Each structure stands twice: as structure tokens, then as C-alpha cells.
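Report on the structure given below.
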Amino acid sequence: QRLVRCGYLLAMKRSRFLVFCVAGAGYLVVCTALGEERKPNAGVNRSIEVPCRKVPVDVSGASQEEHQLICEAAVHAADLLGQCELKTHRRIRVHVTKSPPTVCGVHAFGSFDVKAHRIRLVDARTCRKMANANDAYASLPYREFYKSLVVHEVAHFIFRSSLDKRAVSHTTHEYVAYAIQIASMPSYVRDRFLKSFRRKPPTDLSPFVDMVYLMSPAYFGALAYDHYSAPGNGCRILREIVEGQIEFPAPEALE
């Protein structure tokens, strides 16, 4: 019999335990019991995927707080990209881990595994430690910054799905993910982040090449948001990228 997942959580208090149940159309009930005097999710099998309520996202490895932040952020990402008519029909899987994903030999806050269609994301504690080592991130409220990381990776997922297997440059993917990530931040957080960089807002796509990205992903992200948020850009840029009307420059084109 096929398991149909219900996208909600039932919370029931019983003496010293708070029990979360995920029901599968009557065929399966998975419960994780949390002792009120213990740390969130201590001793729980975190490999179990727990769905978000309002968006087709399944989360594993997360604490209660991380699950809440991830689901809130995923809803925001889907809304922002949905306004630009970018959607995905796949369920999005997010796995939270203490060990940072490695991208090109460098520790990252998160990554999107194209083959497995799964997002890996550092846990909140590791995120804080990593953010404190970066001046642009250290002063940001960690909950809002953590949610923005989720938005970034979900944007990768939805954007790639919208391309329908058409190949675009690496910096094109990063432009979209950073633009949506920074757009998702509350205005006071976004302003604080953007003030970390002295820059001239770009009027074309010439800065969006691998060299700029590799020198400073955060600076690249600020430029991406500057360009994306300029009058007349926004959703038009995203749609034209997906439709193949806009192509980002290759490094040799700038020589």
C-alpha cells in the first residue's frame, strides 16, 4: 500500500513528554518523544524525515527550532520565486548536519546535491561559529541569517528545476540564489549586511563571473542583490534567464 504523507504535526503533551506524530493516511504513525527536561531531540533518530506544514519540504537531522526555521524559510523562498513563476513539482529534502558540507574543498554553510535532489545544511550551532568568522555575517541575527541560508539553497533547488535540464553557468545559479537570499532578509538585516561592502551597484552582468565569486561569495551576493533589485529587473531577469534570453558572461568574454 502506498504511503501518503500528511503535511502536519500533531503535538500532544503527556506528563513529562511532548510527542510529535507524523501520520501517513492511517497506514503509519511515526512518533518521537522528547523529555521536557532534556535537550530538544536528544536521543531521537534524526534520520527520520519530518515534513513542513505549508510547503513540500521534508527535514531530517534538525532540532525543533531548526525545523521551524527551515520550514518558515522554505515557505518564504517558495513565495518569492513563485511570484516570478518559478516553481518545482519535486519534494524538497533538507538534511541538517553538524559537519559543514564541502564545496570545492571549502567548508560551506549548505549545499544542494543535484543527483540526490537533497539540500545539506549545517546546524544552528555550527552556523553561528562559521558566521562569527566572517565580518559580513557576524553581526547578523543568527535566526534571520540561518533562515536566509535555507532560502539560498531552496532557491538553488527551485531554479535548477525551472531550467528543465538546460545548462547555465555556475555564477548564474549563484546570482539567483544570492539575490533571493538577500531579498528574503528583513530590511534591517539586509541593510546591515549590505553596509559591510563598499561597492558600485552594477548596471550590467559583467561582474558575475567565477573570479569575483571565488574572491568573496558574500561580496558577489551583495552585487547580485544590487542588480536584481534595480528598477525593471527582479522577476524579469529570472524569467529571461530561465527562458534562455539572458546569458551570463563567460570569463573569456571579459578579456
Side-chain angles (χ1 to χ4, degrees), residues 73 76-77 80-88 101-114 119 131 134-137 140 145 148-185 187 189-255:
H76 199 175
L80 286 173
L81 289 163
Q83 293 171 18
C84 299
E85 301 177 11
L86 273 65
K87 301 178 182 179
T88 180
T102 301
V103 180
C104 299
V106 178
H107 285 166
F109 290 101
S111 66
F112 170 46
D113 187 329
V114 178
I119 292 167
N134 186 305
D135 291 341
Y137 301 141
L140 304 183
F145 177 58
S148 81
L149 297 176
V150 179
V151 171
H152 182 108
E153 299 304 333
V154 171
H156 272 309
F157 192 111
I158 295 177
F159 176 62
R160 187 173 289 272
S161 298
S162 301
L163 288 173
D164 194 24
K165 298 183 179 181
R166 188 171 62 83
V168 298
S169 70
H170 173 256
T171 50
T172 305
H173 286 279
E174 294 300 338
Y175 171 97
V176 174
Y178 272 109
I180 298 301
Q181 174 185 0
I182 298 169
S184 76
M185 294 176 174
S187 58
V189 178
R190 180 168 57 247
D191 291 344
R192 189 179 300 178
F193 171 76
L194 293 174
K195 286 177 181 177
S196 300
F197 307 99
R198 296 183 62 184
R199 67 203 187 281
K200 183 178 180 181
T203 57
D204 57 27
L205 298 174
S206 60
F208 302 111
V209 293
D210 286 334
M211 183 175 294
V212 176
Y213 173 76
L214 293 173
M215 288 178 62
S216 175
Y219 175 75
F220 178 99
L223 292 178
Y225 177 76
D226 286 340
H227 185 268
Y228 173 79
S229 61
N233 288 349
C235 285
R236 178 189 67 82
I237 293 289
L238 300 194
R239 288 196 298 267
E240 291 185 3
I241 292 171
V242 169
E243 294 166 1
Q245 299 178 37
I246 290 179
E247 291 189 7
F248 280 58
E252 59 270 17
L254 299 179
E255 294 179 354

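Please read these numbers as outputs of a predicted model, since none were measured by experiment.
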>> Could you check whether atom CG of D135 has more than 12 heavy atoms from other residues, nucleotides or ligands sitting under 6.0 Å from it?
In response: no
> Which pair of heavy atoms, one from T88 and one from I158, lies closest together, and at what distance?
Replying inline: CG2-CG1, 3.8 Å
>> For Y225 and Y228, take the angle between the two ring planes, folded into 0 to 90°, and tell me which bin it lands in: parallel under 30, tilted 30 to 60, perpendicular over 60.
In response: tilted
> Considering all heavy atoms of both residues, which atom of P202 and which atom of P207 are nearest to each other, and what is their separation?
Replying inline: CB-CG, 3.7 Å
> Of the options F157, F159, Y178, which is the one that meets H173 in a ring-ring contact (aromatic ring centres under 6.0 Å, His included)?
Replying inline: F159
>> Are H76 and L80 packed together at the side-chain level, in the sense that at least one heavy-atom pair is separated by less than 4.5 angstrom?
In response: yes
>> Measuring only between side-chain heavy atoms, which start at C-beta, is Y213 closer than 4.5 Å to F208?
In response: no
> Just by distance, do the side chain of R199 and the backbone of L194 share a donor-acceptor pair under 3.5 Å?
Replying inline: yes
>> What verdict does the side-chain contact (heavy atoms from CB on, under 4.5 Å) test give for L238 and L81, after you've listed the backbone C-alpha separation in whole Å, the side-chain angles of each residue and the deciding distance to 0.1 Å?
In response: CA-CA 9 Å; L238 300 194; L81 289 163; 4.0 Å; yes
>> If I compare all heavy atoms of F197 with all of A222, which pair ends up nearest, and what's the gap?
In response: CD1-CB, 3.8 Å
>> Check this for me, if you would: do R236 and E240 make a salt bridge, where the nitrogen-to-carboxylate-oxygen distance has to be below 4.0 angstrom?
In response: yes
> Just one of H152, R190, H156, E153 clears the side-chain hydrogen bond (donor to acceptor under 3.5 Å, both in side chains) bar with Q181, so which one?
Replying inline: H152
> Looking at residues at least two apart in the chain, or sitting in another chain, which of them share a salt bridge (Lys or Arg N to Asp or Glu O under 4.0 Å) with E85?
Replying inline: none
>> So, using salt bridge (Lys or Arg N to Asp or Glu O under 4.0 Å) as the criterion, who are the partners of R166 when residues are at least two apart?
In response: none
> When H227 is tested against each of Y175, F248, F220 for ring-ring contact (aromatic ring centres under 6.0 Å, His included), which residue passes?
Replying inline: Y175
>> On a heavy-atom basis, which atom in A177 and which in A155 lie closest, and how many Å separate them?
In response: CA-CB, 4.0 Å
> Where do S196 and A136 come nearest, in terms of heavy atoms and distance?
Replying inline: OG-CA, 3.7 Å
> In Å, rounded to the nearest 0.5 Å, how long is the span from OG of S162 to CZ of R239?
Replying inline: 12.0 Å
> Do V154 and I180 touch side chain to side chain, with heavy atoms closer than 4.5 Å?
Replying inline: no
